[in-house]
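Reading through the structure tokens given below for one structure.
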Amino acid sequence: REPMKHNQMRQVVFPILAAFIWGTAFVAQDVCADAMGAFTFNGTRYYIAVLSLLVVLAVSSGFKKDRPQVSPEEKKAQRRQLWLGGFCCGTVLAIASNFQQAGLVAGTDGGKAGFITALYVVLVPVFGLFFRRRVSLPVWIAVALSVGALYLLCIKGSFSLAPGDLLVLVCAICFSVHILVIDHFTATCDGVKLSCLQFLFAGTWSTILALFFDTISFQVLLDCVALDDGLVQYLTQVLRDRNWAGFYKLSQITTKMDLDPEEFLFWLGNKELWAEDEERVCAAVMDACLERLRQEGRLELLAALLSG
């Protein structure tokens with residue numbers, strides 16, 4: 001009876017603790033949304049989670065003295081199931097969390113994002129209908145109340161959702177799938193090992209996407225350099241002379257990273273491709289004005305404009 005009571009305590013305390021950590025994390029996510037891309041943030045957070053869980057696994061393995069003996073075939077099957085579960089859970093988690101962070105980057109505040117994401121609590125039993133699981137009347141009441149609360153929280157004026165709200169709503173659907181996938185694999189896999197692998201795959205997917213879509217480090221360097229005319233002249237001279245040692249030194253000072261100068265030049269040359277529509281219009285107008293000055297031979301004015 002004592003072990004059963006202990007397990008019941010864990011089933012109550014651990015979810016409450018997880019909910020507290022998960023809820024407070026929205027504050028950090030909201031702050032980081034203004035400083036880095038969604039994929040960069042999630043890749044970083046999941047790699048930190050992997051390192052943390054590796055420590056937990058190392059410590060817990062020392063307490064497990066009496067382990068059941070399994071045959072090599074069973075061990076191989078367990079390992080295959082664990083890696084498959086980590087891949088499936090991590091892939092769905094990466095999709096869900098990146099939609100969530102993209103919604104925060106798009107302007108949805110942390111409180112609203114937390115509520116919309118929490119809709120997965122009622123979506124999970126609804127999705128369970130596809131697996132022929134019965135849903136009681138209180139669950140349907142909870143669904144109706146959640147939809148009503150979502151309307152009051154998100155709809156302003158006309159019947160429409162902000163782009164960030166829609167991204168977070170997709171995230172809630174993905175988290176519902178994530179819970180069902182976890183429910184499938186936890187029956188046969190160690191929970192901590194499964195979490196560690198899912199974070200590894202989620203971090204890997206996020207990092208790959210960050211390499212293609214997140215350019216925040218280059219923008220940070222450019223913003224820092226723009227604060228001082230001397231740094232602007234220094235960066236211009238470094239790029240003109242292809243002094244990559246000087247560029248690495250500047251990138252370390254401004255971003256704490258060794259940015260690739262060739263990639264920075266490519267990003268700088270195509271910066272308007274990632275800009276907002278208004279910024280693209282301004283860039284096009286500025287290019288037209290500079291070209292007109294060049295054609296008219298007003299090179300001194302052109303040089304003055306380019307030098308800031």
Side-chain angles (χ1 to χ4, degrees), residues 7-26 29 38-39 41-43 45-57 60-61 64 74 77-103 113-136 139 142-143 146 167-207 209:
N7 288 334
Q8 290 177 344
M9 182 70 68
R10 290 175 54 185
Q11 292 171 3
V12 173
V13 174
F14 283 7
I16 293 176
L17 181 61
F20 172 78
I21 297 173
W22 176 77
T24 53
F26 278 101
Q29 288 182 247
F39 302 119
F41 174 79
N42 281 321
R45 73 189 291 207
Y46 287 134
Y47 284 136
I48 294 174
V50 170
L51 294 176
S52 302
L53 286 178
L54 286 175
V55 174
V56 174
L57 286 171
S60 61
S61 63
K64 295 180 180 179
E74 291 176 329
Q78 290 176 357
R79 187 180 297 113
R80 187 187 303 112
Q81 184 74 357
L82 179 63
W83 279 94
L84 177 63
F87 173 79
C88 294
C89 294
T91 300
V92 180
L93 177 62
I95 296 171
S97 58
N98 282 308
F99 267 113
Q100 182 186 75
Q101 191 64 19
F115 175 80
I116 298 175
T117 305
L119 285 177
Y120 81 87
V121 175
V122 292
L123 288 176
V124 168
V126 172
F127 287 172
L129 291 174
F130 296 101
F131 300 95
R132 297 181 179 179
R133 298 180 180 178
R134 296 185 61 183
V135 180
S136 61
V139 172
V143 171
S146 298
L167 291 173
V168 181
L169 187 58
V170 174
C171 142
I173 296 173
C174 294
F175 268 123
S176 303
V177 177
H178 179 243
I179 294 296
L180 294 173
V181 175
I182 287 181
D183 183 57
H184 173 76
F185 283 102
T186 48
T188 56
C189 300
D190 179 84
V192 179
K193 292 180 180 178
L194 180 63
S195 296
C196 188
L197 282 177
Q198 79 160 347
F199 289 145
L200 177 63
F201 281 108
T204 301
W205 284 122
S206 298
T207 302
L209 292 170

Query raised in the report: Is there any salt bridge (charged side-chain N to carboxylate O under 4.0 Å, His left out) pair reaching into residues 170-186, and which pairs are they, with sequence neighbours excluded?
Result: Arg133-Asp183

Report task. Please assess Leu200 against Tyr47 for the test side chain to side chain contact (heavy atoms under 4.5 Å, CB included), listing each intermediate value before the final yes or no. Result -> CA-CA 6 Å; Leu200 177 63; Tyr47 284 136; 4.3 Å; yes

Query raised in the report: Could you give the distance from OG1 (Thr204) to CG (Leu209), rounded to the nearest 0.5 Å?
Result: 11.0 Å

Query raised in the report: With sequence neighbours excluded, what pairs up with Ser176 under the side-chain hydrogen bond (donor to acceptor under 3.5 Å, both in side chains) test?
Result: none

Query raised in the report: Is there side-chain contact between Val92 and Phe175, with heavy atoms separated by less than 4.5 Å?
Result: no

Query raised in the report: How would you list all residue pairs meeting side-chain hydrogen bond (donor to acceptor under 3.5 Å, both in side chains) that involve residues 77-89, not counting sequence neighbours?
Result: Gln81-Thr188

Report summary line: Sorted by chain and number, sequence neighbours left out, ring pair (Phe, Tyr, Trp, His ring centres under 6.0 Å) with Phe87 holds for Phe201

Query raised in the report: Between Gly43 and Ser206, which heavy-atom pair has the shortest distance, and what is it?
Result: N-CB, 3.5 Å

**Report entry** Partner residues of Leu167 under the side-chain contact (heavy atoms from CB on, under 4.5 Å) criterion, sequence neighbours left out
**Finding:** Phe99, Ala102, Ala106

Requested in this report: Apply ring pair (Phe, Tyr, Trp, His ring centres under 6.0 Å) to Tyr46 and list each qualifying residue two or more places apart in sequence or on a separate chain.
Outcome: Phe199

**Report entry** Those residues that, when tested against Ile179, pass side-chain contact (heavy atoms from CB on, under 4.5 Å) (two or more places apart)
**Finding:** Tyr120, Val124

Report task. Taking side-chain contact (heavy atoms from CB on, under 4.5 Å) as the test, write out the residues that go with Glu74, two or more places apart. Result -> Val70, Ser71

Query raised in the report: How many angstroms lie between atom CG of Asp190 and atom CG of Leu82, to the nearest 0.5 angstrom?
Result: 7.5 Å

**Report entry** Sidechain-backbone polar pair: Asn42 side chain, Ser97 backbone, donor-acceptor under 3.5 Å
**Finding:** yes

Report task. Could you pull out all residues at least two apart from Cys196 that satisfy side-chain contact (heavy atoms from CB on, under 4.5 Å)? Result -> Val50, Leu53, Leu54, Leu57

